[in-house]
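First the proteins, then the strands, lettered A, B, ... as listed; each starts at 1.
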Protein chains: 2
Amino acid sequence: MTREEIANICKAMSDTNRLRIIEMLTSGEKCGCELLDELQVTQPTLSHHMKVLSDCGLVSSRKDGKWHHYTIRHECFAEYIEYIAAVSSHNEQNREMSCCCSK
Amino acid sequence: MTREEIANICKAMSDTNRLRIIEMLTSGEKCGCELLDELQVTQPTLSHHMKVLSDCGLVSSRKDGKWHHYTIRHECFAEYIEYIAAVSSHNEQNREMSCCCSK
DNA sequence: GTAATACATAGACATTTGTCAATATGTTTT
DNA sequence: AAAACATATTGACAAATGTCTATGTATTAC
(Lines give C-alpha, C1' and ligand atoms only; values in the text may rest on other atoms or scores of the structure.)
Protein backbone atom coordinates (compact mmCIF):
# COMPACT_ATOMS: atom_id res chain seq x y z
CA MET A 1 0.00 0.00 0.00
CA THR A 2 1.49 3.31 -1.07
CA ARG A 3 1.41 6.48 0.96
CA GLU A 4 -1.13 7.89 -1.51
CA GLU A 5 -3.45 4.94 -0.96
CA ILE A 6 -3.18 5.36 2.80
CA ALA A 7 -3.92 9.07 2.42
CA ASN A 8 -6.99 8.25 0.32
CA ILE A 9 -8.29 5.88 2.97
CA CYS A 10 -7.80 8.56 5.63
CA LYS A 11 -9.53 11.13 3.47
CA ALA A 12 -12.45 8.76 2.99
CA MET A 13 -12.75 8.36 6.76
CA SER A 14 -12.38 12.06 7.51
CA ASP A 15 -16.11 12.75 7.20
CA THR A 16 -18.47 11.99 10.06
CA ASN A 17 -21.24 10.81 7.75
CA ARG A 18 -18.90 8.31 6.12
CA LEU A 19 -17.72 7.18 9.55
CA ARG A 20 -21.35 6.57 10.48
CA ILE A 21 -21.77 4.53 7.30
CA ILE A 22 -18.73 2.41 8.20
CA GLU A 23 -20.11 1.93 11.71
CA MET A 24 -23.44 0.80 10.25
CA LEU A 25 -21.67 -1.68 8.00
CA THR A 26 -19.92 -3.18 11.04
CA SER A 27 -23.06 -5.14 11.82
CA GLY A 28 -23.10 -6.61 8.33
CA GLU A 29 -24.07 -5.98 4.74
CA LYS A 30 -26.47 -3.08 4.15
CA CYS A 31 -28.25 -1.72 1.11
CA GLY A 32 -28.16 1.93 0.13
CA CYS A 33 -31.77 2.64 0.99
CA GLU A 34 -31.27 1.46 4.55
CA LEU A 35 -28.17 3.60 4.99
CA LEU A 36 -30.13 6.51 3.59
CA ASP A 37 -32.82 6.09 6.24
CA GLU A 38 -30.30 6.64 9.03
CA LEU A 39 -28.46 9.63 7.57
CA GLN A 40 -29.62 13.22 7.17
CA VAL A 41 -28.44 13.51 3.58
CA THR A 42 -30.06 13.27 0.18
CA GLN A 43 -29.76 10.20 -2.00
CA PRO A 44 -27.20 11.74 -4.40
CA THR A 45 -25.03 12.71 -1.44
CA LEU A 46 -25.13 9.17 -0.11
CA SER A 47 -24.28 7.90 -3.58
CA HIS A 48 -21.26 10.20 -3.58
CA HIS A 49 -20.12 8.96 -0.17
CA MET A 50 -20.45 5.32 -1.20
CA LYS A 51 -18.33 6.01 -4.26
CA VAL A 52 -15.60 7.58 -2.10
CA LEU A 53 -15.66 4.59 0.27
CA SER A 54 -15.61 2.13 -2.64
CA ASP A 55 -12.87 3.90 -4.60
CA CYS A 56 -10.39 3.76 -1.74
CA GLY A 57 -11.13 0.08 -1.17
CA LEU A 58 -12.76 0.26 2.27
CA VAL A 59 -16.14 -0.93 1.02
CA SER A 60 -17.27 -3.33 -1.68
CA SER A 61 -20.65 -3.41 -3.36
CA ARG A 62 -22.81 -6.15 -4.79
CA LYS A 63 -25.72 -5.49 -7.07
CA ASP A 64 -28.84 -7.55 -6.56
CA GLY A 65 -31.74 -6.46 -8.72
CA LYS A 66 -32.42 -2.84 -7.99
CA TRP A 67 -30.52 -2.96 -4.70
CA HIS A 68 -26.86 -2.34 -4.06
CA HIS A 69 -25.50 -4.10 -1.01
CA TYR A 70 -22.42 -2.66 0.64
CA THR A 71 -19.91 -4.52 2.75
CA ILE A 72 -16.77 -3.67 4.69
CA ARG A 73 -13.60 -4.97 3.03
CA HIS A 74 -11.76 -6.41 6.00
CA GLU A 75 -8.56 -6.99 4.02
CA CYS A 76 -8.33 -3.28 3.32
CA PHE A 77 -8.91 -2.33 6.94
CA ALA A 78 -6.33 -4.93 7.97
CA GLU A 79 -3.69 -3.43 5.69
CA TYR A 80 -4.56 0.03 6.92
CA ILE A 81 -4.29 -0.96 10.58
CA GLU A 82 -0.96 -2.58 9.79
CA TYR A 83 0.35 0.74 8.50
CA ILE A 84 -0.94 2.74 11.46
CA ALA A 85 0.46 0.22 13.91
CA ALA A 86 3.84 0.39 12.18
CA VAL A 87 4.19 4.17 12.21
CA SER A 88 2.89 4.50 15.76
CA SER A 89 5.00 1.78 17.35
CA HIS A 90 8.00 2.91 19.31
CA ASN A 91 10.78 0.95 17.75
CA GLU A 92 13.95 1.66 19.68
CA GLN A 93 16.02 -0.05 17.01
CA ASN A 94 14.81 2.42 14.41
CA ARG A 95 15.52 5.40 16.60
CA GLU A 96 17.90 7.84 14.99
CA MET A 97 20.22 9.91 17.12
CA SER A 98 21.18 12.30 14.36
CA CYS A 99 18.75 15.13 14.96
CA CYS A 100 20.45 18.41 14.03
CA CYS A 101 19.45 19.97 17.32
CA SER A 102 20.08 17.06 19.69
CA LYS A 103 22.75 17.86 22.20
CA MET B 1 -13.19 9.35 21.60
CA THR B 2 -16.08 10.88 19.72
CA ARG B 3 -16.78 10.37 16.05
CA GLU B 4 -15.73 13.98 15.45
CA GLU B 5 -12.36 13.37 17.08
CA ILE B 6 -11.84 10.27 14.97
CA ALA B 7 -12.77 12.26 11.85
CA ASN B 8 -10.25 14.95 12.80
CA ILE B 9 -7.50 12.39 13.19
CA CYS B 10 -8.36 10.93 9.79
CA LYS B 11 -8.39 14.39 8.25
CA ALA B 12 -4.98 15.09 9.75
CA MET B 13 -3.64 11.91 8.19
CA SER B 14 -5.26 12.49 4.81
CA ASP B 15 -2.33 14.51 3.47
CA THR B 16 0.78 12.78 2.12
CA ASN B 17 3.12 15.39 3.56
CA ARG B 18 1.66 14.89 7.01
CA LEU B 19 1.92 11.12 6.59
CA ARG B 20 5.61 11.58 5.76
CA ILE B 21 6.00 13.66 8.91
CA ILE B 22 4.40 10.90 10.99
CA GLU B 23 6.67 8.34 9.34
CA MET B 24 9.69 10.47 10.18
CA LEU B 25 8.59 10.73 13.79
CA THR B 26 8.39 6.94 13.99
CA SER B 27 12.15 6.80 14.46
CA GLY B 28 11.92 9.21 17.38
CA GLU B 29 11.63 12.84 18.37
CA LYS B 30 12.44 15.36 15.64
CA CYS B 31 12.75 19.12 15.54
CA GLY B 32 10.94 21.28 12.98
CA CYS B 33 14.06 22.26 11.08
CA GLU B 34 14.96 18.63 10.44
CA LEU B 35 11.46 17.82 9.23
CA LEU B 36 11.68 20.87 6.99
CA ASP B 37 14.87 19.58 5.37
CA GLU B 38 13.13 16.43 4.18
CA LEU B 39 9.94 17.99 2.86
CA GLN B 40 9.42 20.13 -0.23
CA VAL B 41 7.38 22.77 1.56
CA THR B 42 8.08 26.20 3.02
CA GLN B 43 8.49 26.78 6.73
CA PRO B 44 5.01 28.32 7.23
CA THR B 45 3.46 25.31 5.51
CA LEU B 46 5.31 22.93 7.81
CA SER B 47 4.21 25.03 10.78
CA HIS B 48 0.61 24.68 9.60
CA HIS B 49 0.94 20.90 9.23
CA MET B 50 2.44 20.55 12.72
CA LYS B 51 -0.47 22.52 14.13
CA VAL B 52 -2.96 20.20 12.44
CA LEU B 53 -1.14 17.13 13.77
CA SER B 54 -0.91 18.63 17.27
CA ASP B 55 -4.51 19.84 17.41
CA CYS B 56 -5.94 16.39 16.75
CA GLY B 57 -3.68 14.85 19.37
CA LEU B 58 -1.47 12.68 17.16
CA VAL B 59 1.69 14.65 17.93
CA SER B 60 2.99 16.49 20.97
CA SER B 61 5.61 19.21 21.01
CA ARG B 62 8.28 20.24 23.46
CA LYS B 63 10.04 23.57 23.31
CA ASP B 64 13.76 23.60 24.00
CA GLY B 65 15.38 26.97 23.43
CA LYS B 66 14.70 27.99 19.88
CA TRP B 67 13.83 24.47 18.84
CA HIS B 68 10.50 22.68 18.91
CA HIS B 69 10.74 18.92 19.24
CA TYR B 70 7.84 16.85 17.98
CA THR B 71 6.89 13.38 19.14
CA ILE B 72 4.26 10.82 18.26
CA ARG B 73 1.56 10.46 20.93
CA HIS B 74 1.26 6.70 21.15
CA GLU B 75 -1.82 6.89 23.40
CA CYS B 76 -3.70 8.74 20.68
CA PHE B 77 -2.68 6.28 17.97
CA ALA B 78 -3.64 3.42 20.28
CA GLU B 79 -7.14 4.83 20.79
CA TYR B 80 -7.47 5.41 17.07
CA ILE B 81 -6.39 1.88 16.20
CA GLU B 82 -8.88 0.60 18.75
CA TYR B 83 -11.71 2.38 16.94
CA ILE B 84 -10.62 1.15 13.50
CA ALA B 85 -10.24 -2.40 14.75
CA ALA B 86 -13.71 -2.25 16.29
CA VAL B 87 -15.54 -1.03 13.20
CA SER B 88 -13.65 -3.36 10.87
CA SER B 89 -14.04 -6.53 12.90
CA HIS B 90 -16.67 -8.98 11.74
CA ASN B 91 -18.75 -9.49 14.81
CA GLU B 92 -21.37 -12.14 14.07
CA GLN B 93 -23.19 -11.36 17.28
CA ASN B 94 -23.73 -7.79 16.15
CA ARG B 95 -25.01 -8.84 12.77
CA GLU B 96 -28.48 -7.56 12.05
CA MET B 97 -30.81 -9.52 9.82
CA SER B 98 -33.30 -6.74 9.37
CA CYS B 99 -32.15 -5.19 6.12
CA CYS B 100 -35.18 -3.88 4.24
CA CYS B 101 -34.09 -5.67 1.10
CA SER B 102 -32.88 -8.96 2.55
CA LYS B 103 -34.93 -11.90 1.34
C1' DG C 1 -47.17 -0.48 -20.36
C1' DT C 2 -47.23 2.66 -16.49
C1' DA C 3 -45.91 3.82 -11.97
C1' DA C 4 -42.83 3.29 -8.29
C1' DT C 5 -38.37 2.28 -6.36
C1' DA C 6 -33.13 2.27 -6.03
C1' DC C 7 -29.26 4.27 -7.54
C1' DA C 8 -26.00 7.23 -10.57
C1' DT C 9 -24.60 11.48 -12.96
C1' DA C 10 -24.20 16.43 -13.97
C1' DG C 11 -23.91 20.92 -12.62
C1' DA C 12 -23.90 24.53 -9.12
C1' DC C 13 -22.36 26.56 -4.87
C1' DA C 14 -20.43 27.61 -0.33
C1' DT C 15 -16.86 25.95 2.65
C1' DT C 16 -12.53 23.94 3.64
C1' DT C 17 -7.80 22.98 2.60
C1' DG C 18 -2.82 23.21 1.18
C1' DT C 19 0.26 26.33 -0.19
C1' DC C 20 2.90 30.52 -0.53
C1' DA C 21 5.02 35.38 0.42
C1' DA C 22 5.48 38.69 3.84
C1' DT C 23 6.08 39.67 8.42
C1' DA C 24 6.46 39.06 13.45
C1' DT C 25 8.36 36.83 17.73
C1' DG C 26 11.59 34.65 20.43
C1' DT C 27 16.31 32.60 21.05
C1' DT C 28 21.15 31.99 20.28
C1' DT C 29 25.54 33.55 18.56
C1' DT C 30 28.89 36.86 17.54
C1' DA D 1 23.69 45.47 20.11
C1' DA D 2 23.38 43.12 15.82
C1' DA D 3 23.01 39.21 13.03
C1' DA D 4 21.43 34.63 12.38
C1' DC D 5 18.29 31.01 13.28
C1' DA D 6 13.74 28.51 14.44
C1' DT D 7 9.11 28.99 14.49
C1' DA D 8 4.37 31.26 14.34
C1' DT D 9 0.90 34.37 12.25
C1' DT D 10 -1.49 36.83 8.63
C1' DG D 11 -3.53 37.25 4.36
C1' DA D 12 -4.16 35.60 -0.27
C1' DC D 13 -5.42 32.20 -3.69
C1' DA D 14 -6.31 28.01 -6.37
C1' DA D 15 -7.96 23.44 -5.73
C1' DA D 16 -10.67 20.07 -3.43
C1' DT D 17 -14.82 18.80 -0.83
C1' DG D 18 -19.69 18.12 0.87
C1' DT D 19 -24.01 19.22 -0.26
C1' DC D 20 -28.03 20.17 -2.94
C1' DT D 21 -31.46 20.20 -7.13
C1' DA D 22 -32.51 18.32 -11.43
C1' DT D 23 -32.30 14.57 -14.34
C1' DG D 24 -31.12 9.92 -16.18
C1' DT D 25 -31.08 4.71 -15.93
C1' DA D 26 -32.29 0.27 -14.44
C1' DT D 27 -35.35 -2.81 -12.11
C1' DT D 28 -39.62 -4.31 -9.91
C1' DA D 29 -44.66 -4.04 -9.08
C1' DC D 30 -49.28 -3.22 -10.54
At a heavy-atom distance below 4.0 Å, what parts of residues 16-23 of chain B sit against DNA chain D? none
The correct set of residues in residues 40-62 of chain B placing a heavy atom under 4.0 Å from DNA chain D is B/Gln43, B/Pro44, B/Ser47
Rounded to the Å, how far apart are [X] [atom1] and [N] [atom2]?
| X | N | atom1 | atom2 | answer |
| --- | --- | --- | --- | --- |
| A/Lys66 | C/dA4 | NZ | P | 12 Å |
| B/Asp64 | C/dG26 | CG | P | 18 Å |
| B/Lys30 | D/dA6 | NZ | P | 16 Å |
| B/Lys11 | C/dT15 | NZ | P | 15 Å |
| B/Met13 | C/dG18 | CE | C1' | 18 Å |
| A/Trp67 | C/dA6 | CH2 | P | 7 Å |
| B/Leu36 | D/dT7 | CG | C1' | 10 Å |
| B/Glu4 | C/dT16 | CD | P | 14 Å |

Closest to the A/Cys33 side chain: C/dG26, D/dT7, C/dC7? C/dC7
Of the options D/dT17, C/dT27, D/dT19, whose atoms approach the side-chain atoms of A/Asp15 most closely? D/dT19
So, does [X] use its side chain to make a donor-acceptor pair with the main chain of [Y] at under 3.5 Å?
| X | Y | result |
| --- | --- | --- |
| B/Asp64 | B/Trp67 | no |
| B/Ser14 | A/Lys11 | no |
| A/Thr45 | A/Val41 | no |
| A/His74 | B/Ser88 | yes |
| A/Glu79 | A/Cys76 | no |

Between the side chains of B/Tyr83 and A/Glu23, does any donor sit under 3.5 Å from an acceptor? yes
Between B/Tyr70 and B/Glu34: side-chain donor-acceptor atoms closer than 3.5 Å: no
The answer to which of A/Gly65 and B/Tyr70 contacts DNA chain D further toward the 5' end, by nearest nucleotide, is B/Tyr70
Does C/dC7 have OP1 or OP2 sitting under 4.0 Å from an N or O in the side chain of A/Lys63? no
So if you build clusters from Ile, Leu, Val, Met, Phe, Trp, Tyr with side-chain heavy-atom gaps below 4.5 Å, do A/Met13 and A/Met24 land together? yes
Can you list the residues that meet the side-chain contact (heavy atoms from CB on, under 4.5 Å) rule with A/Ser60, with sequence neighbours excluded? A/Thr71, A/Arg73
